[in-house]
Amino acid sequence: MVDTALLIVDVQNDFCPGGALPVPEGDKVVPVLNRAIDRFRQAGAPVIASRDWHPEKSTHFAAYGGQWPVHCVQNTEGAAFHPDLRLPDDVIIVSKGMGENEDAYSAFDARTEDGTPLESVLKAKGVKRLVVGGLATDYCVRASVLGALERGFEVLVLRDAVRGVDVQPGDSEKALAEMQSKGAKLVTLEEISVQ
Ligand code: VGL
Ligand code: ZN
């Protein structure tokens, strides 16, 4: 029984160079994640992609009292997945941050189109272990990994497939250390086997 799933966090145009809230080298995660997708597909393991999916007006944005420039507004080019990311046809997409007063950094705040929360999706598929990569290390990857650990999932973070915003220098390294101290394993794609 395959009990591992790949969770790809927020690999969207606005978080990549040229986007509204660019993560330095954000696009560098794409080739590693494409290799991970191939491995998971071959093993018959689920591939899940979360996306930041905000309304135009949100207290998440600086213009309405929040922290961030406007980014990942629903159905815009900026909210689209990076064009080189080869998501499989049966990818499970979960969206988050749709509320006008919602930051929703964690993929565990995300839902499928029909409203099923990520945790229910994973439980229904018998997933016990998550391999996580994407953007940004110090925000949505961090929150998603901690959320997974709190819910009892084993978590492997692909350190070669994450990049951070680093609002303060060192934020991403700190976030990785925190994830590790709370039980996540930091690995490279080559080190893991999918089963
Ligand atoms: C994110 C900042 C604001 C992320 C989302 O995906 O890490 N960061 N919204
Ligand atoms: Zn956001």
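Note that ligands are numbered from 1 as they come in the structure, with each ligand's atoms numbered from 1 the same way.
A distance of 10.5 Å separates CD in Q74 from CG in D52, rounded to the nearest 0.5 Å. Rounding to the nearest 0.5 Å gives a distance of 8.0 Å between SG of C72 and NE2 of H60. Rounded to the nearest 0.5 Å, atoms CG (L118) and NZ (K123) are 10.0 Å apart.
Metal site remark for the Zn ion (ligand 2): H60 contributes an N, O or S atom at a distance under 2.8 Å. Here H54 reaches the Zn ion (ligand 2): one of its N/O/S atoms is less than 2.8 Å from the metal. The Zn ion (ligand 2) has D52 among its coordinating residues (N/O/S atom, backbone or side chain, under 2.8 Å).
Close approach of ligand 1 to F15 (heavy-atom distance below 4.0 Å) involves ligand atoms 1 (C), 4 (C), 5 (C), 6 (O), 9 (N). Shown in contact with C140 at under 4.0 Å from a heavy atom are these atoms of ligand 1, numbered in order with element: 1 (C), 4 (C), 5 (C), 6 (O), 7 (O). Of all atoms in ligand 1, numbered sequentially from 1 with element shown, those under 4.0 Å from a heavy atom of L135 are 6 (O), 7 (O).
When hydrogens are left out, the protein atom nearest atom 5 (C) of ligand 1 is D52 OD2, 3.1 Å; that is the closest non-hydrogen contact. Considering only non-hydrogen protein atoms, atom 6 (O) of ligand 1 sits nearest to D10 OD2, 2.6 Å. Looking at atom 8 (N) of ligand 1, its nearest protein heavy atom turns out to be Y139 CB, 3.7 Å.
Checked against the 6.0 Å centroid threshold, F15 and H82 do not count as a close aromatic pair.
Side-chain contact of T188 with D160: a donor-acceptor pair under 3.5 Å is absent, judged by distance alone.
At least one heavy atom of H60 sits closer than 4.0 Å to an atom of ligand 1. The shell of residues lying under 4.0 angstrom from ligand 1, judged by heavy atoms, includes H71.
Ion pairing between a basic and an acidic side chain is recognised when a charged N comes within 4.0 Å of a carboxylate O; E178 and R142 show such pairing. Using a cutoff of 4.0 Å between basic side-chain nitrogens and carboxylate oxygens, D38 and R86 are scored as salt-bridged.
Of the N or O atoms in L21, none lie within a sub-3.5 Å distance of an N or O in ligand 1.
Distance alone, capped at 3.5 Å, is enough to place a donor-acceptor pair between the S144 side chain and the C140 backbone.
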